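Have a look at the structure below before the remarks.
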Number of protein chains: 2
Amino acid sequence: MQQVSIKDIARAANVSHPTVSRALSHSPLVKSETAERIRQIAASLGYRPSAIARSLATKKTKTIGVVVTTIADPFIADVVSGIEETANDHGYSVFLANSNANPDREVKVVHSFHERRVDGILVTASRVGALYVPLLSQLKVPIVLINNQHPDEPDEFIYSVMIDNIKASTQVMKHLIGLGHRRIAYIGDQSGFQSDTERFAGYRQALDRAGYPFLPELVVHGDGKPEGGRQAMEQLLALPMPPTAVFCYNDMSALGALRTLYGHGINVPDDISLVGFDDLSIASYTYPLLTTVGQPKQQMGRMAMETMLKLISGVDIKANLKVDGELIIRESTAPPKS
Amino acid sequence: MQQVSIKDIARAANVSHPTVSRALSHSPLVKSETAERIRQIAASLGYRPSAIARSLATKKTKTIGVVVTTIADPFIADVVSGIEETANDHGYSVFLANSNANPDREVKVVHSFHERRVDGILVTASRVGALYVPLLSQLKVPIVLINNQHPDEPDEFIYSVMIDNIKASTQVMKHLIGLGHRRIAYIGDQSGFQSDTERFAGYRQALDRAGYPFLPELVVHGDGKPEGGRQAMEQLLALPMPPTAVFCYNDMSALGALRTLYGHGINVPDDISLVGFDDLSIASYTYPLLTTVGQPKQQMGRMAMETMLKLISGVDIKANLKVDGELIIRESTAPPKS
DNA sequence: GAAGGGGATGCACACGTGTTCAAAAGATTG
DNA sequence: CAATCTTTTGAACACGTGTGCATCCCCTTC
């Protein structure tokens with residue numbers, strides 16, 4: 001048995017298929033009794049419209065493409081969750097594709113989305129904006145970036161949703177300085193990512209405001225993952241005068257740093273305070289519980305999707321949305337020892 | 001400027017559009033020089049075929065739907081990652097939809113997938129198989145379940161990929177018993193889920209084989225999440241004679257249990273050994289590192305997708321695939337104290 | 001009673017691709 | 001040179017839906 005089409009319904013109802021089409025879309029053009037009768041027949045036949053055929057006719061697919069570096073990243077997964085939810089609520093379906101930060105794969109994904117004629121594209125945490133964005137904007141389709149790592153987007157078609165890194169970073173530093181810390185280290189990501197640059201800027205700025213000296217040896221770079229945090233922390237502990245507090249670029253780095261501290265028998269927060277960034281769910285289950293900056297991840301996904309919906313419907317909106325992070329003070333920060 | 005179609009190419013090449021269609025699909029029916037010339041023109045015009053129109057004509061969408069309870073679950077995210085990768089490698093795109101274990105949402109998702117005419121549907125960790133599977137199988141589309149929680153699937157259209165829970169569970173128990181433990185507790189999920197039932201069966205079976213008594217008070221139920229593990233562990237510690245080792249249904253539960261142990265100042269593994277299940281990435285960053293059962297999550301996703309591809313191409317295959325877990329011994333298990 | 005108007009419906013076409021079949025052109029064979 | 005076969009191409013239609021336009025019918029109004 002094949003799929004039932006509006007022609008089948010038309011035959012059963014003894015009308016033409018345009019009438020069926022209009023009846024099902026509640027067009028006022030068709031007599032209400034006829035429409036009701038048609039709808040009942042449609043229901044009894046288990047009719048489901050073909051989104052394919054509809055898309056071909058209307059040139060709208062009610063479909064958006066989501067590019068992620070990897071869905072296995074808990075941060076990204078949360079964002080995607082927010083995207084999918086709002087998309088679904090508005091009758092949109094999402095194509096998910098992970099690029100693995102692989103350029104070949106990325107162009108493949110763009111082509112795939114193009115061929116499927118998606119109505120819009122969302123990109124989370126793209127690390128290769130430089131070559132990627134122009135490729136995307138060729139498609140003449142709305143694009144919204146989420147926490148993109150490439151600073152300059154000169155294109156007018158590009159919109160973005162980002163966390164206010166500097167503000168959040170400043171808050172973290174205020175907290176640490178308020179506790180009495182003076183020797184505060186920063187474990188960054190690889191250089192060049194916008195979020196790293198901005199979080200570092202907040203760090204630097206807060207030091208200046210407090211009138212504390214900036215000590216270059218207290219700034220080390222990881223890779224945004226636990227292993228990098230581990231090594232960075234080893235580096236800091238090897239200093240003649242280690243820091244009393246460490247501000248990590250993200251929770252993953254903090255996790256690695258924490259591991260090193262365990263290994264050296266250093267107590268957190270009594271000996272050294274530690275702060276992360278992101279508030280991954282893990283941060284609520286480390287020992288001690290991690291002080292960190294909460295990003296409204298799902299909400300950012302929702303906002304990005306809402307921005308997309310507005311772009312699709314042609315509403316004029318702000319190009320760049322900034323959202324606030326929230327300092328979440330748990331157990332990994334305390335006043336310095338002495 | 002509109003999208004360029006094969007008719008545009010036909011005009012430019014001074015041929016008919018069927019010829020273009022054949023040339024682009026490398027049909028032997030068209031003269032090779034003509035075909036080459038057409039392909040060059042197509043490339044120069046930046047032509048991208050419309051998957052929509054193609055799907056309408058061929059009745060195949062090269063699209064599969066993936067239903068997850070939530071993509072924010074790290075286990076599921078890994079599985080999806082494996083699915084997406086193999087799908088992409090074979091020219092398929094994936095629609096992602098999370099149901100939030102909400103029945104209303106689930107039927108909505110099924111309808112959406114139906115209307116989009118997906119070629120197949122993958123479902124991970126469905127908790128409502130009872131009403132869900134019949135709904136899905138109406139669609140006459142191949143379905144593959146991954147670690148589904150509903151034991152009986154009487155339908156012939158249903159295929160599945162699961163971990164061999166009993167085997168893995170037995171391995172865990174062998175490890176603990178080998179270390180010298182006799183009072184081993186089991187923190188389960190809510191009753192009724194197949195994986196919980198099976199892991200418990202392995203637990204029970206191993207005790208019997210070792211000739212140790214089964215003590216009902218050592219079996220408590222959580223909710224598969226940290227909070228449930230936390231409470232379950234409190235319950236165990238309140239016993240007049242607490243266990244010397246605890247086998248948790250999954251890592252999330254173990255995380256909660258660990259938290260309780262921290263709170264009571266109980267040392268892991270010196271005072272109590274702890275084992276999880278799943279090998280989430282978190283398990284590599286707890287303190288102490290968690291002994292657990294690794295599930296080949298990405299690979300299970302790949303296998304499920306490969307099964308799907310075979311089903312789509314009509315190859316006859318086994319209905320139920322079982323994969324082995326791998327006991328990963330880290331730091332949270334040791335011989336009992338005395 | 002004829003003209004006009006509005007409501008309800010059907011016809012024809014469009015969207016972009018693939019496929020069957022017929023036809024035209026060229027090559028081969030008797 | 002005619003007949004047949006092969007190669008290459010185009011015409012026509014299909015997929016399922018939406019929409020502009022014409023048509024038909026019924027009601028109102030003069």
Side-chain angles (χ1 to χ4, degrees), chain A residues 1-39 41-42 45-63 91 111-112 114-119 139, chain B residues 1-39 41-42 45-63 91 111-112 114-119 139:
Chain A
M1 181 56 194
Q2 300 290 1
Q3 290 287 352
V4 10
S5 77
I6 54 171
K7 289 189 185 171
D8 299 321
I9 300 173
R11 211 171 300 125
N14 208 24
V15 293
S16 69
H17 59 277
T19 302
V20 175
S21 171
R22 286 188 268 257
L24 294 178
S25 58
H26 290 82
S27 159
L29 290 176
V30 52
K31 188 155 67 172
S32 58
E33 305 145 35
T34 318
E36 187 51 40
R37 188 169 59 89
I38 290 176
R39 280 194 289 267
I41 293 178
L45 290 179
Y47 170 74
R48 285 283 140 193
S50 162
I52 306 290
R54 178 175 293 165
S55 297
L56 189 58
T58 62
K59 302 202 148 245
K60 281 173 190 172
T61 56
K62 286 280 201 168
T63 278
H111 285 165
S112 162
H114 184 184
E115 296 186 356
R116 299 220 127 90
R117 303 293 192 261
V118 296
D119 291 338
L139 304 190
Chain B
M1 182 53 194
Q2 300 291 1
Q3 289 287 350
V4 11
S5 77
I6 55 171
K7 288 188 184 171
D8 299 322
I9 301 173
R11 211 171 300 126
N14 208 22
V15 292
S16 68
H17 59 275
T19 303
V20 176
S21 171
R22 286 188 270 256
L24 294 178
S25 58
H26 290 83
S27 159
L29 290 176
V30 53
K31 189 154 67 170
S32 59
E33 306 145 34
T34 318
E36 186 52 40
R37 188 170 59 88
I38 290 175
R39 281 194 289 267
I41 293 177
L45 290 180
Y47 169 75
R48 285 282 142 193
S50 162
I52 305 289
R54 179 175 293 165
S55 296
L56 189 58
T58 62
K59 305 204 145 241
K60 282 172 189 173
T61 56
K62 286 277 199 173
T63 278
H111 286 165
S112 162
H114 184 185
E115 295 185 357
R116 299 221 128 89
R117 303 294 191 261
V118 297
D119 291 340
L139 305 189

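None of the values given here were measured: they were computed from a predicted structure. The analysis underlying the following values was restricted to heavy atoms, covering all of them including side chains, and did not include hydrogens, waters or symmetry mates. Within every chain, numbering begins at 1; the chains are lettered A, B, ... in the order of the sequence lines, protein sequences first and strands thereafter.
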Just how far, in rounded Å, is [atom2] of [N] from [atom1] of [X]?
X: A:Glu115; N: C:dG18; atom1: CD; atom2: P; result: 11 Å
X: A:His17; N: D:dG16; atom1: NE2; atom2: P; result: 11 Å
X: A:Arg48; N: D:dC15; atom1: CZ; atom2: C1'; result: 20 Å
X: A:Lys7; N: D:dC15; atom1: NZ; atom2: P; result: 6 Å
X: B:Lys62; N: C:dG18; atom1: NZ; atom2: P; result: 13 Å
X: A:Arg54; N: D:dC15; atom1: CZ; atom2: P; result: 19 Å
X: B:Asp8; N: C:dT17; atom1: CG; atom2: C1'; result: 13 Å
X: B:Lys60; N: C:dT17; atom1: NZ; atom2: P; result: 19 Å

Self-check item: Residues touching DNA chain C, which here means a heavy atom under 4.0 Å, drawn from residues 19-29 of chain B
Solution: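 Hits under 4.0 Å, by residue number: B:Ser21, B:Arg22.
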Quiz item: Hey, which of B:Arg54, B:Lys62, B:Arg48 is the one that makes side-chain hydrogen bond (donor to acceptor under 3.5 Å, both in side chains) with A:Glu115?
Solution: B:Arg48
Practice problem: Could you give me the CA-CA distance, side-chain angles and deciding distance for B:Arg39 and B:His26, then say whether side chain to side chain contact (heavy atoms under 4.5 Å, CB included) is met? | Solution: CA-CA 9 Å; B:Arg39 281 194 289 267; B:His26 290 83; 3.4 Å; yes
Quiz prompt | Of the listed nucleotides C:dC15, C:dA8, C:dG16, the one nearest the side chain of A:Lys31 | solution =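 The nucleotide sitting nearest to the side chain is C:dA8.
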Quiz item: Think B:Lys59 has a side-chain N or O under 4.0 angstrom from the OP1 or OP2 of D:dG16?
Solution: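 It does, given that an N or O in the side chain of B:Lys59 lies less than 4.0 Å from OP1 or OP2 of D:dG16.
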Self-check item: D:dT9 phosphate, OP1 or OP2, under 4.0 Å from B:Thr34 side-chain N/O
Solution: yes
Quiz item: With sequence neighbours left out, which residue pairs that include part of residues 9-27 of chain A fulfil the salt bridge (charged side-chain N to carboxylate O under 4.0 Å, His left out) condition?
Solution: A:Asp8-A:Arg11
Self-check item: End-to-end axis angle, where each axis spans five pairs of the helix from C:dG1-D:dC30 to C:dG30-D:dC1, to 10°
Solution: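 Overall, the helix from C:dG1-D:dC30 to C:dG30-D:dC1 bends by 60° from one end axis to the other.
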Exercise. Report the residues that fulfil salt bridge (charged side-chain N to carboxylate O under 4.0 Å, His left out) with A:Arg116, sequence neighbours left out, ordered by chain and then residue number.
Key: none
Practice problem: Map B:Ala53 and B:Ser16 onto DNA chain D by nearest heavy atom, then report which one ends up closer to the 5' terminus. | Solution: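 Here B:Ser16 is the residue nearer the 5' end.
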Quiz item: Between B:Pro18 and B:Leu56, which is nearer to the 5' end of DNA chain C once each is assigned its nearest nucleotide?
Solution: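 Closer to the 5' end of DNA chain C: B:Leu56.
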Quiz prompt | Counterpart residues, side-chain contact (heavy atoms from CB on, under 4.5 Å), relative to A:Thr61 (two or more places apart) | solution = A:Ser55, A:Thr63, A:Arg117, A:Asp119, B:Ile52
To the nearest 0.5 Å, how far apart are [atom1] in [X] and [atom2] in [Y]?
X: B:Ile41; Y: B:Tyr47; atom1: CD1; atom2: OH; value: 13.5 Å
X: A:Ile38; Y: A:Ile9; atom1: CD1; atom2: CD1; value: 8.5 Å
X: A:Gln3; Y: B:Leu139; atom1: CD; atom2: CG; value: 8.0 Å

Residues 13-20 of chain A side chain polar contacts: donor-acceptor under 3.5 Å, at least two apart:
| residue | atom | partner | partner atom | Å |
| --- | --- | --- | --- | --- |
| A:Ser16 | OG | A:Thr19 | OG1 | 3.3 |

